[in-house]
Amino acid sequence: MPTTIPIIPMRQKSIQKQPLDTQTLRKLVDFECGSIDRRLYWDDEIYGLELERIFARTWLFVAHDSQVANYGDFLTTFMGEDGVIVTRAQDGKVNVFLNSCTHRGNKICLAEAGNKRRFTCNYHGWTFDSAGSLVGLPQEEVYKNTCKDFDKTQLGIRRARVESYKGLVFATFNEEAESLEQFLGDYRWYLDVLLDNDVGGTEFLPGNIKSRMQCNWKYPAENFAGDSYHAAWTHNSGAVALFGQGVAKSDQTKAYQANMNGHSWQFGLDMIGNAMVLGEQDILDYLKENEAKVALRLGKLRSRMIGSISSANLFPHTSFLPGQNTFRTWHPKGPSQIELHTWVLVNKSAPDALKNMYMKGVMRSFSPSGVLEMDDGDNWENATSTNQGVVTRRQKLHYGLGMDSRIEHGELKGNVHLRKYNDSNQLAFYRKWLELMCDERVGAS
Ligand code: FES
Ligand code: FE
């Protein structure tokens with residue numbers, strides 16, 4: 001939740017720092033000792049490089065299929081700081097292109113979502129179709145008669161590559177990027193817990209909450225990647241207020257962190273943990289009743305993961321709580337600000353009354369007025385602002401919990417670590433971050 005206390009603006013020019021070459025970047029994260037330099041959270045230069053080397057290079061979640069179900073359905077969102085339009089074309093394909101006119105750069109779509117088959121720019125009236133191609137402009141003969149080599153087909157909007165996995169639509173402006181299948185890899189095995197636990201798949205409930213927090217985007221991403229440790233402390237008073245009892249300490253001998261390619265999931269096998277947060281007995285009953293059906297579909301182990309106390313982050317900036325069903329993206333807006341987009345993800349086949357309970361439960365817990373989001377937001381904002389201090393920024397942060405916890409597990413995919421109280425997923429997030437930040441090849445053009 002954004003605080004009412006103004007954040008002190010950074011004075012980047014007065015800060016002395018090492019030039020940002022690969023050698024300097026590598027020193028920022030120490031995987032042997034488990035420590036991280038605070039520069040990651042305040043530096044404008046690092047932030048600029050993140051936009052280039054992470055957000056303009058990897059696949060990014062942009063929409064759920066259900067948000068653009070029909071021809072002409074569209075929404076506007078961000079890929080890094082680039083505004084984009086996501087829309088379903090007549091051929092059924094989802095297209096993603098920059099929300100910026102090729103004439104003078106004006107934003108061509110001002111709405112957040114809706115249905116239209118053409119996007120007409122407010123400034124001079126150039127019109128683009130659902131593939132971003134320029135299809136019309138006022139007084140076209142003026143251009144034809146006086147503009148040498150005028151060719152409408154060359155003035156379409158820059159489109160991204162688009163691929164999807166079981167309802168989640170991803171895009172990238174990087175023509176050299178691996179396929180989405182390779183990008184997700186074994187993470188798909190985990191995603192199926194969320195996306196494929198029932199016939200018919202999932203949908204986003206209508207509506208999308210957008211809010212701002214004064215924090216660096218990596219704080220919430222790494223928190224959802226694997227910070228189970230904070231829950232029993234940060235959210236204890238919230239849990240008391242909501243349910244009359246504090247957060248139960250989880251059994252660490254049946255709890256895991258798993259990661260691959262920067263994507264993370266931490267979970268216990270104590271069914272119905274996250275769903276408790278919704279405070280709806282009907283949802284708990286629904287999950288319990290469905291457990292045997294899910295076991296037939298995904299196996300016993302994954303059937304235990306659906307409502308367990310767990311959290312996940314799909315690299316770089318998309319997070320969710322399985323069973324609790326909040327689904328969100330942390331869009332970067334500078335080194336110390338994010339725009340948070342939140343939805344509620346449900347099984348399509350769930351009864352309407354249950355979907356409504358999910359919606360209310362998420363609003364109570366993880367929305368701008370949600371008890372648990374306020375707890376987290378304060379911590380992330382304060383961590384971001386304090387890191388800038390001239391002496392403070394020279395002190396390293398500790399990420400050494402559970403360094404010896406790697407195990408081989410017969411069934412679980414990826415790099416698996418025993419115990420959720422563990423920094424392994426967070427270090428894996430930063431390993432991927434560093435790999436991309438040190439890769440000097442140009443990503444998107
Ligand atoms: Fe869009 Fe001129 S800026 S038509
Ligand atoms: Fe939290």
Side-chain angles (χ1 to χ4, degrees), residues 1 83 85 97-110 118-129 132-140 142-143 147 150 152 154-158 211 213 215 218-243 246-250 264 266-268 273-274 276-278 308-313 319-328 330 338 340 342 361-362 364-384 420-423 425-426:
M1 173 83 175
I85 298 171
F97 48 88
L98 293 173
N99 188 6
S100 177
C101 183
T102 49
H103 184 221
R104 293 288 188 276
N106 191 24
K107 191 189 261 194
I108 61 164
C109 182
L110 304 176
R118 296 272 189 275
F119 297 91
T120 300
C121 179
N122 226 16
Y123 200 168
H124 309 88
W126 286 23
T127 296
F128 302 87
D129 68 9
S133 304
L134 179 63
V135 291
L137 58 159
Q139 303 180 71
E140 191 172 339
V142 175
Y143 276 87
C147 184
F150 178 70
K152 264 197 309 200
Q154 298 302 307
L155 290 165
I157 301 175
R158 173 81 166 91
S211 55
M213 284 188 192
C215 71
K218 295 186 290 302
Y219 272 126
E222 63 145 69
N223 175 284
F224 275 66
D227 197 329
S228 178
Y229 177 57
H230 83 291
W233 184 263
T234 286
H235 298 306
N236 200 54
S237 58
V240 170
L242 282 170
F243 316 118
V247 177
K249 306 278 185 299
S250 56
S264 296
Q266 61 89 17
F267 55 94
N274 272 355
M276 283 283 290
V277 170
L278 298 165
S308 78
I309 296 181
S310 54
S311 65
N313 185 64
S319 298
F320 45 90
L321 298 175
Q324 203 271 4
N325 289 15
T326 182
F327 194 100
R328 59 243 329 269
W330 322 99
I338 59 165
L340 162 56
T342 301
V362 168
R364 261 198 308 271
S365 52
F366 283 96
S367 68
S369 60
V371 173
L372 306 180
E373 188 147 302
M374 285 192 260
D375 292 340
D376 286 327
D378 268 353
N379 292 333
W380 301 333
E381 290 190 343
N382 288 328
T384 298
K420 285 193 299 181
Y421 293 168
N422 205 313
D423 288 336
N425 275 0
Q426 288 160 91

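Just so you know, ligand 1 is whichever comes first in the structure, and atom 1 is the first atom listed for that ligand. Both backbone and side-chain heavy atoms feed into the values below; hydrogens, waters and symmetry mates do not.
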(message) Do Asn274 and Ser310 make a side-chain contact, defined as non-hydrogen atoms from C-beta onward lying under 4.5 Å apart?
(response) yes
(message) Using a cut-off of 2.8 Å, how many protein N, O or S atoms sit around atom 2 (Fe) of ligand 1?
(response) 2
(request) Could you tell me whether the side chain of Ile157 reaches within less than 4.5 Å of the side chain of Ile108, counting heavy atoms only? (result) yes
(message) Checking the side chain of Thr384 only, and the main-chain atoms of Trp380 only, is there a donor and an acceptor separated by less than 3.5 Å?
(response) yes
(message) If you define the side chain from C-beta out and look only at heavy atoms, does anything of Phe119 sit under 4.5 Å from Thr127?
(response) no
(request) Using a 4.5 Å cut-off on heavy atoms from C-beta on, say whether the side chain of Trp126 contacts that of Leu155. (result) yes
(request) Take the Fe ion (ligand 2) and tell me which protein N, O or S atoms are nearer than 2.8 Å. (result) His230 NE2, His235 NE2, Asp376 OD1, Asp376 OD2
(message) Closer than 4.0 angstrom, basic N to acidic O: yes or no for Glu373 and Arg328?
(response) yes
(message) Ring centroids only, cut at 6.0 angstrom: are Tyr143 and Phe150 within range, meaning strictly under it?
(response) yes
(message) Can you confirm whether Lys107 is buried at NZ, in the sense that more than 12 heavy atoms of other residues, nucleotides or ligands lie under 6.0 Å from that atom?
(response) no
(message) Taking the ring of Trp330 and the ring of Phe224, is the distance between their centroids below 6.0 Å?
(response) yes
